[in-house]
Amino acid sequence: MNDAEPAEEPPRRRRRDPEGHRAAILDAARQTFAERGYTRTTLREIARRAGVTHGLITRHFASKERLFLAAVPGNRGLEDIAAGDPETLPDRIAHAFVERMETDAVNDPLITLLRSAASDESTAAHLLIAMQEHSATVYRSVLAPGAPGTPGTTDDDLDSRVALVGAQMIGVAFSRYIARTEPLASMPPDQLAEHLTRIMRQVLFG
């Protein structure tokens, strides 16, 4: 019987996993933004929590603003939500928004942004404008696919209608999940989604 200890295996090289790193960064960003707010969050803290380098974050997302926009669930997955029949776009937007908020509103970056607006109005406004422009581009691809893709370049009032849709969701987010005012605070989620659908349909299609 050989009592010799087995030779130690050489250390394994860390495998590159871009998608895994990206997912870890987004998870850490959502958690950190929720805990600290946008202004007090740093990329170095997000890197520490994600177990990656600061440079890797800037390579994936370029800036804290772009990372925040990528971390907002509705902003990140809007293309998938919007894709489909234009007639049912309001239904998809409303139900996805309510489901997302009911799942984890406390840690949602949009709620974090709204909470921080009182102390950093200019930053909040800047980020909301960026989110609105992204929404306008995505909605235009569904509602007016032949129109130019840059907000403000069409002759119709699509940009205004998209802004009104966003204002409805921000109002609901604040009233139900931050201020918790009635009757929105205790309204069943399905009923809330139906009301939002009806309002958005009127705004988008008039």
Side-chain angles (χ1 to χ4, degrees), residues 26-41 65 68-136 138-139 142-143 157-206:
L26 289 171
D27 287 342
R30 282 191 290 271
Q31 182 183 29
T32 311
F33 284 130
E35 292 178 5
R36 298 189 170 193
Y38 180 84
T39 302
R40 293 176 57 232
T41 291
E65 175 188 329
F68 180 88
L69 294 173
V72 177
N75 202 57
R76 187 179 67 251
L78 189 57
E79 289 87 351
D80 293 335
I81 295 168
D85 186 353
E87 289 296 321
T88 57
L89 178 61
D91 306 68
R92 298 195 297 277
I93 297 171
H95 283 84
F97 173 74
V98 172
E99 180 180 358
R100 158 190 155 196
M101 287 297 174
E102 292 297 309
T103 299
D104 192 16
V106 173
N107 294 314
D108 193 285
L110 176 60
I111 297 298
T112 302
L113 181 60
L114 294 178
R115 288 186 185 278
S116 67
S119 60
D120 194 351
E121 182 179 339
S122 62
T123 297
H126 179 70
L127 290 170
L128 285 171
I129 289 171
M131 292 168 64
Q132 179 180 311
E133 290 177 347
H134 176 65
S135 297
V138 174
Y139 293 164
V142 177
L143 299 174
D157 62 346
L158 179 60
D159 291 345
S160 298
R161 288 180 280 144
V162 170
L164 286 169
V165 167
Q168 289 293 329
M169 291 191 285
I170 288 172
V172 168
F174 182 83
S175 297
R176 181 178 175 91
Y177 303 103
I178 297 177
R180 301 186 184 279
T181 56
E182 297 294 348
L184 290 182
S186 59
M187 184 178 292
D190 289 346
Q191 184 180 355
L192 176 62
E194 290 305 318
H195 281 310
L196 269 177
T197 297
R198 186 168 63 255
I199 294 169
M200 291 180 182
R201 184 176 301 282
Q202 179 64 30
V203 170
L204 289 175
F205 301 124

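Treat the numbers as computed from the prediction; the structure is a model and nothing was measured. Below, all heavy atoms of this structure are taken into account, side chains as well, without hydrogens, waters or symmetry copies.
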Enquirer: Does E182 CD have over 12 foreign heavy atoms under 6.0 Å away?
Expert: yes

Enquirer: Can you check whether F68 reaches T41 side chain to side chain, under 4.5 Å on heavy atoms?
Expert: no

Enquirer: Taking the side chain as everything from C-beta on, heavy atoms only, tell me whether T181 gets closer than 4.5 Å to F174.
Expert: no

Enquirer: Can you tell if the side chain of R176 reaches within under 4.5 Å of the side chain of E102, non-hydrogen atoms only?
Expert: yes

Enquirer: Which label fits F33 and Y38: parallel for a plane angle under 30°, tilted from 30 to 60°, or perpendicular past 60°?
Expert: parallel

Enquirer: Would you mind reporting whether T112 and R30 have side-chain heavy atoms less than 4.5 Å apart?
Expert: no

Enquirer: Are any non-hydrogen side-chain atoms of I93 and Y139 less than 4.5 angstrom apart?
Expert: yes

Enquirer: Are M131 and L110 packed together at the side-chain level, in the sense that at least one heavy-atom pair is separated by less than 4.5 angstrom?
Expert: yes

Enquirer: How long is the span from the CG atom in L184 to the CD atom in Q191, to the nearest 0.5 Å?
Expert: 9.5 Å

Enquirer: Quick one: which of M200, R201, H195 gives a side-chain contact (heavy atoms from CB on, under 4.5 Å) with R198?
Expert: H195

Enquirer: Determine the minimum heavy-atom distance between A130 and E65, stating which atoms define it.
Expert: CB-OE2, 4.1 Å

Enquirer: Say you draw a straight line from OG1 of T123 to CG of L113; how long is it, rounded to the nearest 0.5 Å?
Expert: 9.0 Å

Enquirer: Of all the heavy-atom pairs spanning L196 and A94, show the shortest one and how long it is.
Expert: CB-CB, 3.8 Å

Enquirer: Could you tell me if the side chain of I170 sits less than 4.5 Å from the side chain of L128, heavy atoms only?
Expert: yes

Enquirer: Say you draw a straight line from CG of L192 to OG of S186; how long is it, rounded to the nearest 0.5 Å?
Expert: 11.0 Å

Enquirer: Using every non-hydrogen atom in the two residues, find where P86 and L143 come nearest and quote the distance to one decimal.
Expert: CB-CD2, 4.1 Å

Enquirer: Side chain of S175, backbone of V172: donor and acceptor closer than 3.5 Å?
Expert: no

Enquirer: Evaluate side chain to side chain contact (heavy atoms under 4.5 Å, CB included) for I178 paired with I111, printing each intermediate quantity in order.
Expert: CA-CA 8 Å; I178 297 177; I111 297 298; 3.9 Å; yes

Enquirer: Quick one: does L78's side chain get under 4.5 Å of H134's, heavy atoms only?
Expert: yes

Enquirer: Can you see which heavy atom on M101 is nearest to which on A173, and at what distance?
Expert: CE-CB, 4.4 Å

Enquirer: Quick one: CE on M187 to CD on E194, what's the gap to the nearest 0.5 Å?
Expert: 11.5 Å

Enquirer: Should the heavy atoms of other residues, nucleotides or ligands under 6.0 Å from CD of E99 be counted, would the total exceed 12?
Expert: no

Enquirer: Could you report the tightest heavy-atom contact between L204 and P90, atom names first, then the distance?
Expert: CD1-CG, 4.1 Å

Enquirer: Quick one: pull up CD1 in I129 and CD in E133 and give me the separation to the nearest 0.5 Å.
Expert: 7.0 Å

Enquirer: Which distance, rounded to the nearest 0.5 Å, do you find between the CD of Q168 and the CD1 of I199?
Expert: 5.0 Å

Enquirer: Give a yes or no on whether the backbone of S122 and the side-chain of H126 come within a donor-acceptor separation of less than 3.5 Å.
Expert: no

Enquirer: Short question: side chain of R92, backbone of I81 - any donor-acceptor pair under 3.5 Å?
Expert: yes

